[in-house]
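These notes are about the structure you will find just below.
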Amino acid sequence: MATKMILDCDTGVDDTMAIMYAALHPDIELLGVGSVWGNVDVPTATRNTIHTLELVGAGHVPVAQGAAGPLLRTPNYFGYHVHGDDGQGNAYDHAPVGPAAPTTAAQQIVEIVRANPGEVWLVPVGPLTNIATALALAPELPELVAGVSIMGGAALAPGNTSPAAEANIAHDPEAAAAVFRAPWPIIMVGLDVTMKVLITPERRAVLDAGGPTAQYMSRIMQFYGEFFEKTTFGTWAATMHDTLAVAAAAGTLKIRSAPNVNVEVDCSGGPSRGATVCDMRGIYAGFPPQPGAHCQVLLDVDDSIADEVIELIARHQPA
Ligand code: RIB
Ligand code: CA
């Protein structure tokens with residue numbers, strides 16, 4: 001049976017790939033997508049989300065616009081320097097898109113989950129503002145979902161927006177704290193694994209040789225890969241962060257190490273604000289059970305998922 005899923009995206013470049021993968025994979029049933037501020041402002045995230053779904057022939061999937069900023073305060077920053085002014089590596093094709101659904105991302109989550117009790121995976125791959133808002137609207141959500149697969153955080157790896165914090169958590173630590181605290185099964189797909197599964201130039205060549213959707217994906221990742229070349233790797237490479245959270249929820253990611261540990265989010269005003277404080281003290285003893293733990297923290301995965309994702313997208317031909 002296909003995995004039912006709701007994505008929640010701040011649609012920049014890696015979110016675009018995650019949406020394509022979720023919409024195209026035959027074992028995933030994408031029931032809805034929410035947009036959220038983060039990489040870009042929320043109207044741009046909404047437009048990019050609808051555009052991506054239309055590209056892959058999934059324009060029927062409802063896209064509901066979500067939060068324009070964090071639960072408290074105003075947006076701390078956007079990621080235009082990473083994803084381009086249009087969130088598509090400054091290579092958006094300016095195609096007009098259809099309308100968003102007449103609801104909010106949080107309300108859409110509540111309605112879809114209530115209609116499919118026990119079946120839906122929430123896959124937030126941007127700031128957790130919409131998920132925290134959905135929880136506030138329907139505190140019973142943790143009993144109704146199959147699980148939550150979050151792209152965000154870092155257990156043993158360094159942060160990316162600060163030495164300690166990963167962007168999706170740092171954007172809205174109070175929302176993230178509420179989400180990690182709620183008693184649902186969580187998979188934390190953080191920088192420990194997402195910085196190690198890369199679209200290399202060789203993998204990108206498979207997209208270049210594919211259909212128009214794959215070629216669009218390759219085009220928009222040029223700027224994004226240049227950002228990583230300049231700031232991180234010293235050579236052109238594109239991370240695929242968000243797709244790994246989709247694959248973890250769908251069971252298509254080969255997971256080698258994922259201890260179930262307690263996780264708290266630092267909501268202080270200090271240098272670790274937005275850090276995911278994962279209780280890794282069991283590392284020397286094979287991670288014995290921790291009372292109350294409900295978060296599997298991915299530490300090691302097989303990077304063959306990158307080839308599977310690229311090939312799926314490369315094969316897609318518009319109807
Ligand atoms: O830190 C990486 C995450 O931040 C990814 O989800 C990326 O799209 C941005 O939202
Ligand atoms: Ca994202």
Side-chain angles (χ1 to χ4, degrees), residues 5-22 33-42 44-49 52 63 66-70 75-89 105 122-131 148-155 157-173 175-176 179 187-199 217 220-221 223-225 227-228 231-233 237-249 265 273-276 297-298 309:
M5 201 176 281
I6 302 173
L7 264 173
D8 199 78
C9 308
D10 55 338
T11 306
V13 174
D14 60 313
D15 307 73
T16 299
M17 179 177 275
I19 295 166
M20 287 181 180
Y21 182 66
V33 185
S35 63
V36 67
W37 75 287
N39 289 329
V40 291
D41 57 280
V42 73
T44 304
T46 305
R47 182 208 59 188
N48 291 346
T49 303
T52 306
V63 176
N76 33 25
Y77 57 87
F78 293 96
Y80 298 112
H81 58 298
V82 185
H83 297 266
D85 292 341
D86 54 8
Q88 301 282 274
L122 301 182
V123 184
V125 297
L128 291 160
T129 323
N130 293 340
I131 314 302
V148 187
S149 179
I150 299 171
M151 191 286 127
N160 58 3
T161 55
S162 78
E166 181 280 329
N168 288 340
I169 309 300
H171 274 309
D172 196 344
V179 172
I187 305 176
M188 184 179 116
V189 186
L191 299 176
D192 301 274
V193 291
T194 69
M195 292 303 288
K196 294 191 225 149
V197 183
L198 302 177
I199 307 298
M217 189 65 237
I220 70 170
M221 68 169 61
F223 178 89
Y224 182 70
F227 168 83
F228 284 104
T231 62
T232 313
F233 300 123
T239 56
M240 49 188 297
H241 302 291
D242 295 348
T243 309
L244 299 192
V246 174
V265 177
R273 179 170 167 78
T276 44
V297 173
L298 301 199
V309 170

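In listed order, ligands and their atoms are each counted from 1.
Nearest protein neighbour of atom 1 (O) of ligand 1, counting heavy atoms only, is E166 OE2, 2.4 Å. Summary of contacts: the protein heavy atom closest to atom 6 (O) of ligand 1 is D242 OD1, 2.5 Å.
In summary, D14 places no N/O/S atom under 3.0 Å from the Ca ion (ligand 2), failing the contact criterion. At a cut-off of 3.0 Å, V125 is counted among the residues with an N, O or S atom near the Ca ion (ligand 2).
Nearest N/O/S atom of D10 relative to the Ca ion (ligand 2): this is OD1.
At a threshold of 4.5 Å between non-hydrogen side-chain atoms, the residues M195 and T239 count as touching. With a 4.5 Å cut-off on side-chain heavy atoms, F233 and L198 count as touching.
Seen from the Ca ion (ligand 2), atom OD2 on D242 and atom OD2 on D15 lie at an angle near 70° (rounded to 10 degrees).
Counting heavy atoms closer than 4.0 Å to ligand 1, residue D15 contributes side-chain atoms (C-beta onward) but none from N, CA, C or O. Heavy atoms of T161 found under 4.0 angstrom from ligand 1: none, in either backbone or side chain.
Partner of N130 under the side chain to side chain donor-acceptor pair (under 3.5 Å) criterion, out of D8, D172, D10: D8 alone. Applying side-chain contact (heavy atoms from CB on, under 4.5 Å) to D242 and the options L7, I19, D15 leaves one that passes, D15.
Set against the non-hydrogen atoms of N39, the atoms of ligand 1 under 4.0 Å away are 7 (C), 8 (O), 9 (C), 10 (O). Near M151, with a cut-off below 4.0 Å to any heavy atom, the atoms of ligand 1 are 2 (C), 3 (C), 5 (C), 6 (O). Numbered from 1 in the order shown, with element, the atoms of ligand 1 that lie under 4.0 Å from a heavy atom of D14 read 5 (C), 6 (O), 7 (C), 8 (O). Within the listing of ligand 1, atoms 3 (C), 4 (O), 5 (C), 6 (O), 9 (C), 10 (O) sit less than 4.0 angstrom from a heavy atom of N168. Heavy-atom contacts of V125 reach the following atoms of ligand 1: 6 (O), 10 (O) (cutoff under 4.0 Å). Every atom of ligand 1 with a heavy atom of A167 under 4.0 Å away is listed here by number and element: 1 (O), 4 (O).
Under the 6.0 Å cut-off for aromatic ring centres, F228 and Y224 qualify, their centroids lying closer than that.
For A249, the side chain to side chain contact (heavy atoms under 4.5 Å, CB included) criterion is met by M5, W121, V123, S149, not counting sequence neighbours. For A275, the side chain to side chain contact (heavy atoms under 4.5 Å, CB included) criterion is met by A164, D266, S272, not counting sequence neighbours.
In terms of polar-atom proximity, defined here as any N/O pair under 3.5 Å, H83 makes no such contact with ligand 1.
For the pair Y80 (side chain) and D41 (backbone), a donor-acceptor distance under 3.5 Å is present. A donor-acceptor contact shorter than 3.5 Å links the side chain of T276 to the backbone of A154.
Here N76 contributes atom CG and H171 contributes atom NE2; the two are 6.5 Å apart, rounded to the nearest 0.5 Å.
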